[in-house]
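Residue numbering restarts at 1 for every chain, and letters A, B, ... go by the order of the sequence lines.
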Protein chains: 2
Amino acid sequence: MRQAEHIELAIHPKPDHLTIHDWIYSEIRAAILSGRLKPDVRLPTTRDFALQNQVSRGSVVTAYEQLIAEGYLCSYTGRGTFVSKTLPHDLAVRPASRPSLSPKHGTLSRRGAMLAQSPFYQESRQTDPIPFRPNQPDVEHFPFNIWNRIASKRANALRDRNMGDLDPGGYLPLRESIAEHLKYAQRIQCTLEQVVILGSAQQALDLCTRLLLDVGDQVWMEDPGYPGANRIFAGNEAHVIPVAVDKAGMNVERAIEMAPHAKMAYITAAHQSPLGVTLSLERRLALLAWAEQNQATILEDDYDSEYRFDGIPLAPIKSLDSSGRVIYMGTFSKLLYPGIRLAYVVLPDWLTDPFLSAVSLTCRYLGLHPQMILSEFMAGGHYARHLRRMKMIYQERAQAFEYACREKLGGEFHVNPITTGLDACVFLPGELDDADVARQLSASGIEARPLSFYGIAKKPASGLVMGFAAFTPTAIAGGWEKIARILRQ
Amino acid sequence: MRQAEHIELAIHPKPDHLTIHDWIYSEIRAAILSGRLKPDVRLPTTRDFALQNQVSRGSVVTAYEQLIAEGYLCSYTGRGTFVSKTLPHDLAVRPASRPSLSPKHGTLSRRGAMLAQSPFYQESRQTDPIPFRPNQPDVEHFPFNIWNRIASKRANALRDRNMGDLDPGGYLPLRESIAEHLKYAQRIQCTLEQVVILGSAQQALDLCTRLLLDVGDQVWMEDPGYPGANRIFAGNEAHVIPVAVDKAGMNVERAIEMAPHAKMAYITAAHQSPLGVTLSLERRLALLAWAEQNQATILEDDYDSEYRFDGIPLAPIKSLDSSGRVIYMGTFSKLLYPGIRLAYVVLPDWLTDPFLSAVSLTCRYLGLHPQMILSEFMAGGHYARHLRRMKMIYQERAQAFEYACREKLGGEFHVNPITTGLDACVFLPGELDDADVARQLSASGIEARPLSFYGIAKKPASGLVMGFAAFTPTAIAGGWEKIARILRQ
């Protein structure tokens with residue numbers, strides 16, 4: 001039975017951000033969802049509703065139509081408009097009907113809880129780099145004029161390009177330029193099909209882990225080692241086997257003793273993160289022999305070896321790999337600028353198809369524009385020129401850093417000769433806690449990352465990882481003066 | 001004991017792509033790694049080597065220095081250069097020493113084997129869309145002039161921007177524009193902090209799955225349903241519960257019976273993929289009540305509801321969500337053009353921090369440039385204008401599609417009225433196998449995706465999913481004429 005009396009509906013004042021019909025719609029919907037308007041109740045006619053609330057009838061009609069279309073109301077010709085009777089009668093007891101309810105906390109999965117502990121998340125809130133934030137390239141000397149000229153030209157070229165779905169492997173000419181560059185600069189022989197462009201080194205780590213490791217599978221990692229990799233392994237529930245690092249890099253013999261059947265070895269062979277040592281040739285060969293014998297994969301993360309100051313960069317493990325055991329990964333974030341969002345992997349042939357499939361499933365493909373710009377930048381010789389130029393600038397800054405550190409705190413602090421990259425590892429007197437020191441410096445406007453941040457199973461020696469590449473020699477000298485002052489207080 | 005006799009080393013002819021010193025380096029290295037040059041053997045002097053091979057002595061010196069730096073050779077003043085004696089003596093038996101060895105196949109992880117079955121991978125090799133490829137927006141009418149003008153302006157602005165690390169949540173003004181747009185267009189009330197920009201809907205699906213589901217956790221999915229979601233769940237080893245779809249969308253009552261404790265429901269409520277139906281209000285409310293009671297999450301994938309032709313789009317489930325149970329996801333790939341690579345999620349408050357952390361760990365952050373362009377494109381009103389314009393164009397094409405289908409094959413094929421989006425679902429006579437028909441059409445240059453491609457547990461009715469949005473009415477009519485001809489043969 002229909003209720004003969006229509007109701008007079010009290011509604012709240014209109015908020016500024018809503019149109020009149022959206023306001024009426026929201027008020028009626030809220031009244032239904034909160035149980036104030038029960039199923040089968042008749043609503044005022046649009047004319048009465050408009051008069052009661054002093055709005056135009058058209059707005060009321062629009063709101064009613066919306067609510068009818070969504071199933072809240074039903075209209076019967078000649079009888080009027082009713083709250084839908086198919087709606088549940090117990091709407092009022094549903095939590096959704098209490099708008100004051102504070103959002104409940106949901107539950108993360110086990111792996112979700114690990115993914116929620118990114119080492120990059122807090123950092124991402126930072127602003128411009130201040131001395132001595134690590135992992136920062138200099139962007140002042142980046143040839144923006146050239147880059148922007150190419151970018152503008154390519155922006156206008158978008159129309160002629162296929163704006164439809166693209167190749168998950170990346171822009172072919174860029175893959176070719178990278179393959180070509182690796183041949184000369186790193187002695188890696190690879191085809192362009194083996195090169196896959198990604199948005200970041202983290203994406204490369206994540207995809208390799210998921211493709212090759214199941215939950216509980218073992219992976220060797222240098223200890224201390226790169227937290228970005230450690231967290232990716234944890235987020236994928238792989239079992240990290242921390243392996244000590246000495247002057248010749250990861251102790252491969254020890255790793256074979258500890259976990260001979262690991263599925264993967266993650267290694268920063270050229271410039272160990274964070275200690276800066278290089279993996280010896282003997283260990284490279286031992287690592288490769290182990291991987292071949294065990295069908296394991298070596299994930300060689302070469303994040304900054306192009307910036308090697310003593311003239312002769314060692315050939316990567318990948319250049320020795322004739323049996324498809326090594327994945328080589330590089331990034332342009334550190335070589336050009338972080339915001340570029342381009343990285344790549346060089347894959348063994350057998351992994352290419354599964355990898356491209358995984359890219360297409362988890363991200364489809366990357367946008368074309370930055371890839372086109374970088375490709376043209378490389379083809380025009382600007383890339384090689386920029387690397388040469390920055391190598392000289394970074395070398396000068398590395399020397400300024402070593403000099404200032406020794407001059408100001410040479411008795412207490414120890415810095416190894418800096419041979420590669422953007423960062424230095426500075427060792428502190430054993431009695432100083434590096435996290436304490438970093439906090440103390442941070443309070444006075446100096447950034448440095450404690451070595452303990454990189455420790456996995458073992459607490460590393462007390463030390464600080466400090467970036468020098470993004471700072472002028474003057475800023476570097478000033479920074480060390482400040483550090484000396486802070487520590488002497 | 002040093003071997004007094006130095007050897008005379010036979011080397012292969014120089015390949016064109018190598019410099020002379022790289023060639024010498026490679027030949028000596030290969031001879032060492034293959035065991036032809038044993039540890040502790042003395043090499044010719046650089047002078048003799050240069051004479052023997054008719055190259056400049058400088059090139060030989062460079063090659064020797066590289067090999068010494070890498071640890072293959074040792075040099076003792078006054079005694080000459082020797083193969084390093086710390087190298088393993090059994091190098092020759094290592095597979096790496098046999099360059100003819102074909103690359104071995106490695107083993108994918110269980111989840112890797114699933115990631116290797118992307119529904120997008122084969123498709124990605126396709127070229128320009130031909131009728132009736134599904135999921136293709138029209139790109140001919142895209143306002144490239146405006147887009148390119150903004151892109152050029154922004155390209156030149158790069159220099160002034162922070163090129164360092166960016167926010168994992170995306171470009172703030174874009175997040176704000178999206179929050180604002182959703183308020184008006186979808187009745188979703190959210191703050192800009194709840195909006196996170198991603199590179200694709202697949203990335204959104206992947207991150208939500210990993211954050212909320214562990215291996216073996218249950219997730220409801222429409223059957224037939226979107227393979228891109230189904231494969232993401234499989235690739236993360238979640239347990240998909242296929243739920244039948246009828247005229248009112250996913251059968252929520254049935255889902256509750258089958259798997260009341262599922263952790264997630266993935267749903268295309270506005271426009272079910274692939275059948276095109278809309279989830280009824282009763283079921284929306286039942287779904288929400290279930291999610292609230294069970295602390296489950298609803299993943300509402302709204303991929304094309306902005307293109308609704310009958311005037312009144314239904315408000316998304318998210319607009320009813322006052323207790324933080326719904327994640328709403330949208331993409332610009334279908335609304336603007338696929339190559340844009342921008343999508344977004346609207347998160348409940350409790351999930352925002354873990355989600356941003358997971359983004360920063362697995363991809364760091366997106367590039368700024370496309371986000372800046374889209375943000376300005378939206379702020380300038382071009383976005384809303386483009387959607388309005390395309391809605392009219394698509395509606396005309398939908399009508400042309402329905403008309404041509406009925407005219408040519410009305411007796412045999414059945415197409416429901418097209419209310420939303422870019423694709424239609426066409427039902428075939430029961431005795432025709434849809435995969436067979438699709439293959440037959442494909443051989444004659446017509447694309448269509450069999451409905452069976454979307455089936456999970458149950459074989460769906462025989463049908464074809466066909467895109468109409470990217471094709472002119474003339475092309476649509478021509479396409480149907482061709483189909484009729486093919487099928488009559």
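Summarising the geometry of B/L361 relative to A/R231, their closest heavy-atom pair is CD1-CB, 3.5 Å, with the distance given to 0.1 Å. Contact between A/L366 and B/R341 at its shortest, heavy atoms only, is C-CG, 3.7 Å. The shortest heavy-atom contact between B/G339 and A/Y365 is N-OH, 3.8 Å. Across all their heavy atoms, B/T362 and A/S200 have their closest contact at O-OG, 4.3 Å. Closest approach of B/L108 and A/W350 over heavy atoms only: CD2-CZ3, 4.3 Å.
To the nearest 0.5 Å, atoms CZ (A/F120) and SG (B/C363) are separated by 11.0 Å. B/R364 contributes atom CZ, which lies 9.0 Å from atom OG1 of A/T331 (distance to the nearest 0.5 angstrom).
For B/V215, the parts lying near chain A are the backbone and the side chain together; criterion is any non-hydrogen pair under 4.5 Å. The contact between A/Q117 and chain B is made entirely by backbone atoms, counting heavy-atom distances below 4.5 Å. Contact of B/L351 with chain A is made through the side chain alone, with heavy-atom distances under 4.5 Å. Both the backbone and the side chain of A/Y72 come within contact range of chain B, judged by heavy atoms closer than 4.5 Å. For A/S319, the parts lying near chain B are the backbone and the side chain together; criterion is any non-hydrogen pair under 4.5 Å.
Most heavy-atom pairs under 4.5 Å with chain A, from the set B/L213, B/T19, B/L281, B/I150: that is B/L281. The greatest number of non-hydrogen atom pairs below 4.5 Å with chain A, out of B/G228, B/S357, B/G112, is found for B/S357. Between chain A and the residues B/Q203, B/K183, B/R110, the most heavy-atom pairs under 4.5 angstrom are made by B/R110. Among B/R210, B/K263, B/Q202, the residue making the largest number of heavy-atom pairs under 4.5 Å with chain A is B/R210.
Remark: the A/D22 side chain and the B/Y184 side chain contain no N/O donor-acceptor pair separated by less than 3.5 Å. No side-chain donor from either of B/R187 and A/S26 sits under 3.5 Å from a side-chain acceptor of the other.
With respect to A/R111, the side chain to side chain contact (heavy atoms under 4.5 Å, CB included) criterion is satisfied by exactly one of B/L212, B/L211, B/N236: B/N236.
The shortest distance between side-chain heavy atoms of A/Y121 and B/D353 falls below 4.5 Å.
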